[in-house]
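To start, the structure itself, in C-alpha cells.
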Amino acid sequence: MKQYILALDQGTTSSRAILFDHDGSLCGSAQHEFAQHFPVPGRVEHDASDIWTSQLACARQVLREAGVSAAQVAAIGIANQRETTVLWDRKSGEAVAPAIVWQDRRTADACERLRADGHAALVQQATGLELDAYFSATKLAWLLDNVAGARERACRGELAFGTVDSWLAFKLTGRHVTDVSNASRTMLFNIHDVAWDERLLTLFNVPPEVLPQVVSSSEVVGHTHADLFGSPVTVSGIAGDQQAATFGQACHSQGMVKNTYGTGCFMLMHAGAQAVASHNRLLATVGWRVGGATDYLLEGSVFMGGATVQWLRDGLGIIEKSCDVEELALSVPDNGGVYLVPAFAGLGAPHWDPYARGTLIGMTRGSGRGHVARAALEAIAYQSAELLMAMQKDAAIPVTEVRADGGAARNDLLMQFQADLLGVPVVRPKVTETTALGAAWLAGLAIGFWESREEVAAQWQAEKQFEPLMREDRRRELMATWARAVERSRGWAPSGSGV
Ligand SMILES: Nc1ncnc2c1ncn2[C@@H]1O[C@H](COP(=O)(O)OP(=O)(O)O)[C@@H](O)[C@H]1O
Ligand SMILES: O=P(O)(O)OC[C@H](O)CO
C-alpha cells in the first residue's frame, strides 16, 4: 500500500492541504479560502473556527480526490501563518475571541510605550525580534485584558494560548503544543535558551499557565482523533510557514537563502547553529529544531511584493491579470528612469518606516504604462536586494545563490532582473509548493519515512536558473538611484498615521 505524507499549509487567506509521496512528488492538493475580518481600521481578525474547518475540509478533500485512505498517510506536517494569536477554552475547545492576525496593528501604541520605556533592547537580545505589534505577545496581552474574565480564567489554567500551529495541533490531537519556530515569533521565547523567557512573560504580563509546551519541529506530537479521517494519523512535523519554506527549499546549511515572492516578500538566510544578532534591523529567528539541533535564520520581509502587481491591476487598471505585467514591462527596453517605491503601507525591513508612502518618481513626457509596469517589477527586486545586502552585512557569510518561490517567482523578467541586481544566480525549483514540502519533510523525517536531511535535500531540483548578466558598476549605480527614490518616499505621512 503506497504511503504518503499530508502537509497542511494554513496561510493568511486560505488553507491548503497537499499530499506528497516518497519521492517528494506532489500527488494532490486542495485549497479553501476563508473570511478576513476588518472590524475597524488597523484590525485584522480571523474566526479561529474558520481556520480549523477550512483546514479540515481541504485535508479531507485531498484524500478523497486522490483516493488515499487515512491508513496510507504515514504522517501529517503542519506549516502555518505565523504570529496570529488564538486564545481558547481548554474544555470546550472553542476560541474565546476572534484570532488576532499578524497584520493587526491594534497594539502598536502599547509597543510604542514599551519602546519608549527602553524595553526594545531586552526584546531584541532575547527574541531576535523588533518590539512590534506584528508579534504575538502584545496581541495575547490584549485578549487577556479585553475579553471579559479572560485573565482570571487564564491564571486558573482554564484557557490556552497558541499560534495557528498550536490551534491546529490541539484540534487534531488534543495536545497543547507549539514548535520552536512558531514559539520564536511570539516575542515571549528566548531563542538562545530555546525556552519561554520569564522576563518577557513579566514584561508582557502573560501568565505561564496559558502557554503551550514547546516541541521540536520534527517529532511525534500526537495522533489525530479517529473520527477526523476514519483512523488516527500521526502528527509529526510543525513549522511556521516561512521557516517551512526555507526547509523545503533545502536551505539546510549556513549561507543558503530563499526568497518567497508572494503578496509580500520573505527572505530567509540560514545563519548556522547560533543566532546571529542583526545590526541592520533584520530578525533573528529559529528555523527549526530537528534531532536535538536548532538551526537559526535571519529574516527580512517587505510588505509589497506581488501586491505591487495587484496594484497595477486593481488600483491603476493597466493590466487585467497579474501575469500580464511581464508583457507590458517588456514593451519598453528599460524603466526609462521611472522608479516606483511601493511604500503603500510604509516600508518593512531594513527601513521599518511606517510613515513612508508610495512614490512614483523620474517621469518625463516620454514615460508610459510600460515604464510604470517595469518600475513595479523592479521595485520587488530592489527591495529584495536591500534585504540580501543587509543579511550579508549581518552574517558576513558569502551567498552563492537565492532560491525563489511564490506567485511572482513565475515572472522570468523579474527573476532575471533580481539575479542581475544580486550578482548571484536566482534559482526556481521544480516543486514550488516549498512551504508544504518543508512541512512534509519535517513530518516524514520524524517517523523514518525519510532517513536523513541529505535524502530529502537530494529531492530538491531546479526548474530554471537565472544567471546575473549585469556589470558590477551598473548594479551599484542602479542601487544608488533606488536608494535616492526610497529617501524621497520616507517620512511622508504625518506622525501618528503609521499603519
Ligand atoms: N506572473 C506574475 N508576475 C508578477 N507577479 C505575479 C505573477 N503572478 C502572480 N503574481 C503575484 O503573486 C502574488 C500571489 O502569490 P502567492 O504566492 O499566491 O501569494 P500569497 O501566498 O501571499 O497569497 C500576487 O500578489 C500576484 O500579484
Ligand atoms: O500566510 P502567509 O504565506 O502570507 O505568511 C504569513 C507569515 O507567516 C506572517 O509572518
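In listed order, ligands and their atoms are each counted from 1. Just so it is clear, the model here is predicted, and its values are computed rather than measured.
Scanning all heavy atoms of the two residues, the minimum distance from Q249 to R403 falls at O-NH1, 2.6 Å.
Residue, atom and distance of the protein heavy atom nearest to atom 8 (O) of ligand 2 are D241 OD1, 2.6 Å. For atom 10 (O) of ligand 2, the closest non-hydrogen atom on the protein side is E83 OE1, 2.7 Å. Of all protein heavy atoms, the one lying nearest to atom 1 (O) of ligand 2 is T12 OG1, 2.6 Å.
Judged by the 6.0 Å and 45° rule, R82 forms no cation-pi pair with W102.
Using a 4.0 Å cut-off between heavy atoms, Q242 contacts ligand 2 through its side chain alone, with no backbone atom that close.
Side-chain contact between S301 and C265: absent, with no pair of heavy atoms (C-beta onward) separated by less than 4.5 Å.
No donor-acceptor pair under 3.5 Å is formed between the side chain of R289 and the backbone N or O of V286.
Aromatic rings of F417 and Y382 (six-membered ring for Trp) have centroids within the 6.0 Å cut-off, being under it. For an aromatic pair to be called close, the ring centres must be under 6.0 Å apart, and W88 with H176 satisfies this.
Here is the list of ligand 2 atoms found below 4.0 Å of a heavy atom in Y134: 9 (C), 10 (O). For ligand 2, the atoms lying closer than 4.0 Å to a non-hydrogen atom of G11 are 1 (O).
The aromatic rings of Y339 and W482 are tilted relative to each other, their planes meeting at an angle between 30° and 60°.
Within 4.0 Å of ligand 1, the residues that place a heavy atom are G262, T263, G306, A307, V309, Q310, S322, C323, V325, G406, G407, A408, R410, N411, listed by chain and number.
Ionic pairing of E463 and R410 is not present here: no N-O contact between side-chain nitrogen and carboxylate oxygen is shorter than 4.0 angstrom.
Residue R82 has at least one nitrogen or oxygen atom sitting less than 3.5 Å from a nitrogen or oxygen atom of ligand 2, judged on distance alone.
Qualifying ring-ring contact (aromatic ring centres under 6.0 Å, His included) partners for F34, counting only residues two or more places apart in sequence or in other chains: H46.
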